[in-house]
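Report on the structure given below.
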Amino acid sequence: MSSRLTFPDGFLWGAAASGPQTEGFFNKPHKSIMDHWYDIQPDDFFNQVGPDITCDFIHHYEEDFALMKRLGFNSYRTSIQWTRLIRDLETGEPDPSGVAFYRNVIQAAEKNGIELIFNLHHFDLPEELLERYGGWTSRHVVELYVKYARTAFSLFGNDVHRWVTFNEPMVIAEAGYLYGFHWPKYRGRGKDAVQVIYHLNLASALAIQAYRSMKLPGTIGIILNLTPAYPRSDSLEDLAASAFAEDFCNRFFLMPAVHGVFPERLIRTLKQDGVLFEESSEDAAILRQNTVDFLGLNYYHPRRVKARETRLDTAAWVPDRYFEDYEMPDRRINPYRGWEIYPKAVYDIAMAVKQEYRNIPWYLSENGMGVEGEERFIDTSGRIKDDYRIAFYEEHLEWLHRAIEEGSSCFGFHAWTAIDCWSWNNAFKNRYGFAALDLGTGKRTVKQSGDWFKAVSEQNGFIPSGSN
Ligand code: BGP
């Protein structure tokens with residue numbers, strides 16, 4: 001008996017990417033913090049490859065959407081670059097060439113029967129706003145983001161029907177203010193990180209408010225990197241550590257996005273520690289009244305935590321004072337990215353959404369496996385035989401399917417990514433695509449996983465390898 005897994009009707013099959021990781025720099029009126037970072041510290045990027053060309057999507061979008069159709073996609077998420085669409089950052093006035101480009105993108109997607117999901121922000125703050133105002137620590141930047149969002153909605157809101165306010169906003173705080181792996185590369189600035197998180201939540205709610213006030217024919221959500229915090233043991237100390245990590249890393253965005261309030265226990269701790277964010281009196285109502293229509297949840301790896309055992313290397317307040325990462329022995333690792341592979345977390349996430357977040361409609365908005373040196377796996381027909389990627393996706397999809405059978409309201413699966421794309425720090429070191437990108441010629445070649453995905457999408461499911 002075959003054990004075919006079939007997904008709900010209308011399920012989204014496709015992939016995610018972002019403007020800064022695919023488009024290339026050409027003709028933008030502003031630089032993002034990532035462009036600026038590369039200008040001044042190119043050694044931070046693998047082989048010194050920067051964000052200037054990436055996939056050159058700006059010149060290849062037509063062929064790329066045709067390729068996505070060939071991969072069986074019915075949907076694709078990318079982001080608008082604030083630095084490309086907006087000419088005047090203070091007023092939100094658009095740049096005509098940016099407008100023309102995104103209109104062309106919308107048309108090319110439509111021509112190929114691919115539903116576009118537009119995200120407004122993928123770590124790519126205009127550099128001038130960091131210089132002038134201190135970036136997301138500034139409330140003025142929140143206001144400028146809302147102007148940008150309004151411009152984008154009014155230009156494209158009748159054509160694009162699913163919008164996302166932010167991709168992984170927690171990364172902006174973690175990478176920029178706590179652990180220093182994205183520009184501005186600050187470390188240990190916990191109080192600033194808390195203010196940034198607050199402003200990102202507020203910016204999302206205000207953009208949702210603007211979107212709804214414009215009576216557009218679509219829905220709007222947020223994409224979060226939900227990394228479940230699994231405790232090392234059931235000891236009270238480890239459980240407390242994982243509860244704090246869960247509150248800070250996940251619920252700090254999930255609660256306001258879905259329930260319109262911040263996690264109470266976390267707020268108490270931040271208050272006690274003297275690092276609570278500054279807010280205005282009208283904010284609570286804005287947050288309460290402008291929750292999301294749907295969630296996108298990105299999942300790559302779990303977070304394993306334990307009670308702190310080592311001393312912190314900073315006297316400043318950082319969330320890590322309440323937990324420490326735990327390296328579980330015998331964990332499965334993707335050695336190229338150093339991330340643990342734990343597919344069951346997809347099920348745990350889905351059940352958490354069902355039980356704690358009113359089973360709000362959600363989709364798995366990123367999942368994938370970055371592998372270095374994939375040219376090793378080219379077969380005699382010239383194609384990369386990435387069966388490891390197929391196995392990775394099948395395992396995650398099996399857990400997702402099980403969650404759906406148990407009532408989770410998941411409406412889609414997006415892989416990271418369609419065509420090998422550029423990444424923060426790692427540039428093109430690890431490849432994630434269903435199609436390989438030749439950096440010399442720009443040629444795209446479908447991998448084995450691309451054919452597999454097409455079949456999955458066409459059949460709206462698959463028979464897992466190993467079952468018969
Ligand atoms: C996610 C980001 C993406 C993408 C992906 C893969 O967190 O939303 O932008 O880059 O991770 O990670 P990386 O490129 O660092 O390997």
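Order of appearance sets the numbers: ligands from 1, and atoms from 1 within every ligand. Numbers for residues simply follow the sequence, beginning at 1.
Contact analysis puts W339 in contact with ligand 1, with a non-hydrogen atom separation below 4.0 angstrom.
A cation-pi arrangement is absent between R189 and Y177, since the terminal nitrogen or guanidinium carbon is not both under 6.0 Å from the aromatic centre and inside a 45° cone about the axis. Relative to the ring axis of F25, K31 places its NZ or CZ within 45° and under 6.0 Å from the centre. Annotation: cation-pi pair R84/F101 present, NZ/CZ under 6.0 Å from the ring centroid and within 45° of its normal. Annotation: cation-pi pair R337/W339 present, NZ/CZ under 6.0 Å from the ring centroid and within 45° of its normal. R304 forms a cation-pi arrangement with Y342, by the criterion of a distance under 6.0 Å to the ring centre and an angle within 45° of the ring axis.
With respect to atom 14 (O) of ligand 1, the closest heavy atom belonging to the protein is S423 OG, 2.6 Å. The protein heavy-atom contact nearest to atom 15 (O) of ligand 1 is R337 NH2, 2.8 Å. At the top of the distance list for atom 6 (C) of ligand 1, counting protein heavy atoms only, stands Y432 OH, 3.4 Å. Of all protein heavy atoms, the one closest to atom 10 (O) of ligand 1 is Q21 NE2, 3.1 Å. Among all non-hydrogen protein atoms, the one lying nearest atom 7 (O) of ligand 1 is E168 OE1, 2.6 Å. The nearest heavy-atom contact from the protein to atom 2 (C) of ligand 1 is E366 OE1, 3.4 Å. Scanning the protein heavy atoms around atom 5 (C) of ligand 1, the nearest turns out to be Y300 OH, 3.3 Å.
Taking distance alone, with nitrogen or oxygen atoms compared against 3.5 Å, N167 approaches ligand 1 more closely than that limit. Considering backbone and side-chain atoms together, H122 places an N or O closer than 3.5 Å to an N or O of ligand 1.
In V171, neither the side chain nor the backbone holds a heavy atom less than 4.0 Å from any atom of ligand 1. Neither the backbone nor the side chain of Y336 has any atom closer than 4.0 Å to an atom of ligand 1 (non-hydrogen atoms only).
Between I208 and N290 the shortest heavy-atom distance is CD1-O, 3.6 Å.
Atoms of ligand 1 found under 4.0 Å from any heavy atom of W424, numbered from 1 in the order shown, are 9 (O), 10 (O).
The shortest side-chain heavy-atom distance between R303 and P228 does not fall under the 4.5 Å cut-off.
Residues H161 and E115 have side chains that never bring a donor and an acceptor to within less than 3.5 angstrom of each other.
Panel note: side chain W82, backbone D124; no donor-acceptor pair is recorded below 3.5 Å.
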